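One structure is given below, encoded as structure tokens.
These figures come from a predicted structure and were not determined experimentally. Note on naming: letters A, B, ... go to the chains in the order of the sequence lines (proteins, then strands), and numbering restarts at 1 for each one.
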2 protein chains.
Amino acid sequence: MYRPEIRVFDCTIRDGGLMNNHLFDHSFVRDVYKGLSEAGVDYIELGYKNSKELFSPSEYGAWKFCEDEEIRKVTEGIKSSAKISVMVDIGRVNMADIKPASESPVHMVRVASYVKDIDKGIAMANEFHDKGYETTINIMAISKDRGPDLQDALRQIEKESMADVVYIVDSFGYFYQEDIEYLTKLYKGILKTREIGFHGHNNQQLAFGNTIEAIIHGANFLDATIYGIGRAAGNCPMELLLGFLKNPKFDIRPVLDLISRDFVPLREKIEWGYVIPYAIAGMLNEHPRSALALRKTEKKENYRDFYESLTNTGLD
Amino acid sequence: MYRPEIRVFDCTIRDGGLMNNHLFDHSFVRDVYKGLSEAGVDYIELGYKNSKELFSPSEYGAWKFCEDEEIRKVTEGIKSSAKISVMVDIGRVNMADIKPASESPVHMVRVASYVKDIDKGIAMANEFHDKGYETTINIMAISKDRGPDLQDALRQIEKESMADVVYIVDSFGYFYQEDIEYLTKLYKGILKTREIGFHGHNNQQLAFGNTIEAIIHGANFLDATIYGIGRAAGNCPMELLLGFLKNPKFDIRPVLDLISRDFVPLREKIEWGYVIPYAIAGMLNEHPRSALALRKTEKKENYRDFYESLTNTGLD
């Protein structure tokens, strides 16, 4: 697939950090930034922009806060044409801390919002836009909310927001490719002046296939992570996405190096990927939190009980 | 997806056995057969039917040969509505050993054939048909051979063979869903009197997504294996396929039990699944043999060198 409008968006540190409280050390993040820059990805998301009044820096790593000076430490001196992104959650940012884009190493701010919070999401994205950032609105958990409310939210975004990109987010790893076709067409039909993005989760090994499906139907912003790292089942693997995209500006080899050196050993310490309780949560359209909790108990491999607890089938 | 014509075809022991010379002991195979029968799958493939003159029983397990008496040992006394299948390769069967279907526990014989060998494949499938077996022709490695020769082979099968089912086989785990759409339509257009099957390999985490794609376009015979076990990257995971199919005759829970008890521990001893050299081989449309060989060396995690060796990009 060669389409010049396509943007490859890495969220290795941001989504991967959900599995270790963003406690990646600076040399690791610097290596990741350098490798991804060599690979030619378009955006690199380094974490969340959270207020330190809400989360303790003694518990969470630097990438939970993404202060400008920390970002500079891992990027300065590295040749890169990638833009830097951070993600924000509604109600967790102190806007007084946010400098204008012209004074920050950050290029893009992505606002994560549920359908029900879309008013706040639009307002927040517009604030960042006014400060000079590229912005996106990432509508989360829409597998629970695909009806008229989603369509209203999309119309409101088109009318009221300045966001450059609006994302389809398969938070629970539930969607099959027919769903992605439907949603991409729905988004494109309403959001006539915006780019469409796709962020998959890999519970059912469909994150890559669904990303291809989104591309086919016109999504141009594609999220992926190195070796698929991310919360629970993780995300679309960057190495597969780069293998699919035929644009010669991408080079898979620096990503292969990072996997060999850093991510195969890291997978021994942090669990992400195809793990049956995550697959079960995905196929049942459930948040992975119960599966994540299960994996910390002695019953971690007791899949039948977990399935029955989510479906109430244990008594039949 | 609910379509009564759909048949779920398990090939756990047959394709998984390619990773351990089919050295599964009888109690393991019996457990698998019992669990799959409880899950309601339609066919269970227990291995290959090979001549003992070609492969040594001291080197290979019983499921390399699938003698009727061995099959009876693992199936007798177990309530099951599943049919039993074996696979055959051209030139590796002594037809004099083959009893009529009425005297055998085997219901179906699947003939694996390359496009170039299709004359022999048709003749062999017809011989098994004449002995009373259901038959399929599984056309292998068609990602290397999608041109007029494939279409000629399909026309010849439709005209000359008695095979009930003809399979699309993604031997190298190369195909994206557009390819599956194209091939399923091609097969259906030519093979008007046959069912279409799909057998994926999971090199690029697309075996399940491609199986869904094949279903959408009309394939009714769907191969899968427990926990995705199979050669190299393995196959479409049975648990995901059962989660997708909404037919109430299937029950995912016995498969979850088998994974908990047998397949998670087995994965510690035999490597299959998402391993980067298998992914690289898949995206480059290469047989996995070089990746399988690499995994037995000290360079097993040296992905860049492997990629460069397959693409000759090391010198640029």
| task | State whether B:W272 and B:R231 meet the cation-pi test: NZ (Lys) or CZ (Arg) under 6.0 Å from the six-membered ring centroid, and within 45° of the perpendicular axis. | result | no
Which one wins on heavy-atom pair count under 4.5 Å against chain B: [options]?
| options | value |
| --- | --- |
| A:R261, A:Q205, A:E213, A:K300 | A:Q205 |
| A:G273, A:G209, A:S260 | A:S260 |
| A:D257, A:N210, A:V255 | A:D257 |

Is the shortest heavy-atom distance from the side chain of [X] to the side chain of [Y] under 4.5 Å?
| X | Y | answer |
| --- | --- | --- |
| B:I280 | A:L256 | yes |
| B:L241 | B:I215 | yes |
| B:L240 | B:F244 | no |

| query | Between B:Y227, B:Y176, B:F208, which residue shows the highest count of heavy-atom pairs closer than 4.5 Å to chain A? | reply | B:Y176
With a 4.5 angstrom heavy-atom cut-off, which part of [X] approaches chain A: side chain, backbone, both or neither?
| X | result |
| --- | --- |
| B:P254 | both |
| B:I212 | both |
| B:I259 | both |
| B:Q177 | side chain |
| B:D305 | neither |

| message | Can you tell me which portion of A:I252 sits under 4.5 Å from chain B's heavy atoms? Options are side chain, backbone, both or neither. | response | side chain
| For the atom pair OG1 (A:T297) and CZ (A:F306), what is the distance rounded to the nearest 0.5 Å? | 10.0 Å
| Between A:H287 and A:F172, does the ring centroid distance fall short of 6.0 Å? | yes
| said: Around atom NZ of A:K144, are there more than 12 heavy atoms from other residues, nucleotides or ligands closer than 6.0 Å? | reply: yes
